[in-house]
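Following: one structure in structure tokens, then a few remarks.
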Amino acid sequence: MASTETVSVVLPQEKLSFIEFSQDDKPGVMMVNAAVKDFEHKTPFAWHLSVLILCQQTVKDNMPSQAEQQLLVEFEERLDKQLRAEGNALYLASITQDGQREVIWRVYNPEKANDFLHHIIDSEDHPRPFEFTLEQDITWAKAKFPLDSLDGEFSENKES
């Protein structure tokens with residue numbers, strides 16, 4: 001009889017850092033969970049989930065308006081609550097630039113996350129068009145940009 005190994009991991013307390021940056025001559029902002037950088041139990045969270053949301057109401061530099069920002073935050077919070085249920089995901093970052101918001105999680109069980117997001121798409125229960133990618137990333141290479149940004153490469157880094 002095959003044995004099933006149970007892994008018990010204490011998830012880190014979220015520690016958000018706000019970072020302003022410029023890429024391709026376009027300003028952007030990131031909110032990065034700094035607690036994930038030194039998290040020792042990365043291996044179980046081998047799946048990289050990126051949700052890309054298209055903004056509809058933008059202002060200067062194609063950044064979301066205040067009303068759009070509120071709508072995006074409410075949608076992200078709804079996604080986050082479900083994705084992180086039962087410890088299935090770690091919030092990594094949100095990146096806003098050039099009329100788009102990318103929200104990134106590291107996921108333990110990809111089927112649960114995939115089923116949830118397909119349900120939202122199929123039921124058209126989303127305020128803005130979005131797409132997602134869910135890829136195995138054992139080495140966390142896809143998390144490099146937001147995590148490396150914590151080292152002060154960008155113009156401003158404020159922890160909250």
Handout entry: Any side-chain donor near an acceptor of the partner, Gln66 and Gln70, under 3.5 Å
Key = no
If Ile, Leu, Val, Met, Phe, Trp and Tyr residues are connected whenever their side-chain heavy atoms lie under 4.5 Å apart, and connections chain through other members, are [X] and [Y] in the same group?
X      : Y      : result
Leu71  : Ile121 : no
Val59  : Val73  : no
Trp105 : Ile138 : no

Under 3.5 Å, which donor-acceptor pairs do the side chains of residues 84-98 form with other protein atoms, sequence neighbours left out?
residue : atom : partner : partner atom : Å
Arg84   : NE   : Asp80   : OD2          : 3.3
Arg84   : NH1  : Glu14   : OE2          : 2.6
Glu86   : OE1  : Lys112  : NZ           : 3.1
Asn88   : OD1  : Asn109  : N            : 2.7
Asn88   : ND2  : Asn109  : O            : 3.2
Tyr91   : OH   : Met31   : O            : 3.3
Tyr91   : OH   : Ser94   : N            : 3.1
Tyr91   : OH   : Ser94   : OG           : 3.3
Thr96   : OG1  : Arg101  : NE           : 2.4
Thr96   : OG1  : Arg101  : NH2          : 3.3
Gln97   : NE2  : Gln23   : O            : 3.1
Gln97   : NE2  : Lys26   : O            : 2.7
Asp98   : OD1  : Asn62   : ND2          : 3.0
Asp98   : OD2  : Lys26   : NZ           : 3.1

Residues pairing under ring pair (Phe, Tyr, Trp, His ring centres under 6.0 Å) where one sits in residues 49-69, two or more places apart or in two chains, turn out to be none
Side-chain (Asp137) to main-chain (Lys142) donor-acceptor, under 3.5 angstrom:
yes
(request) Under the side-chain contact (heavy atoms from CB on, under 4.5 Å) rule, what do Trp140 and Val36 come out as? Steps first, then yes or no, please. (result) CA-CA 11 Å; Trp140 282 53; Val36 174; 3.3 Å; yes
**Q.** Leu79 side chain reached by Val103 side chain, heavy atoms, under 4.5 Å
**A.** no
Closest heavy-atom pair, Cys55 versus Leu72, reported as atoms and distance to 0.1 Å, is SG-CD1, 3.8 Å
In short, Ile104 meets Pro146 closest at the heavy-atom pair CD1-CG, 4.4 Å
Would you mind writing out the side-chain donor-acceptor pairs for residues 41-52 within the sub-3.5 Å range, not counting sequence neighbours?
residue : atom : partner : partner atom : Å
Lys42   : NZ   : Lys37   : O            : 2.7
His48   : ND1  : Arg106  : NH1          : 3.2
Ser50   : OG   : Glu102  : OE2          : 2.5

Residue pairs passing the side chain to side chain donor-acceptor pair (under 3.5 Å) test with at least one member in residues 120-130, sequence neighbours excluded, are Gln56-Arg128, Glu68-Arg128, Arg78-Asp125
Output for pair (Glu76 CD, Leu83 CG), nearest 0.5 Å, gives 11.5 Å
In this structure, CD of Glu77 is separated from CD of Gln82 (nearest 0.5 Å) by 14.5 Å
Contacts of Glu111 meeting salt bridge (Lys or Arg N to Asp or Glu O under 4.0 Å) (sequence neighbours excluded), chain-then-number -> none
Sorted by chain and residue number, the side-chain contact (heavy atoms from CB on, under 4.5 Å) partners of Ala35 (sequence neighbours excluded) come out as Pro12, Lys15, Asn33
Over 12 foreign heavy atoms within 6.0 Å of CD, Glu131:
no
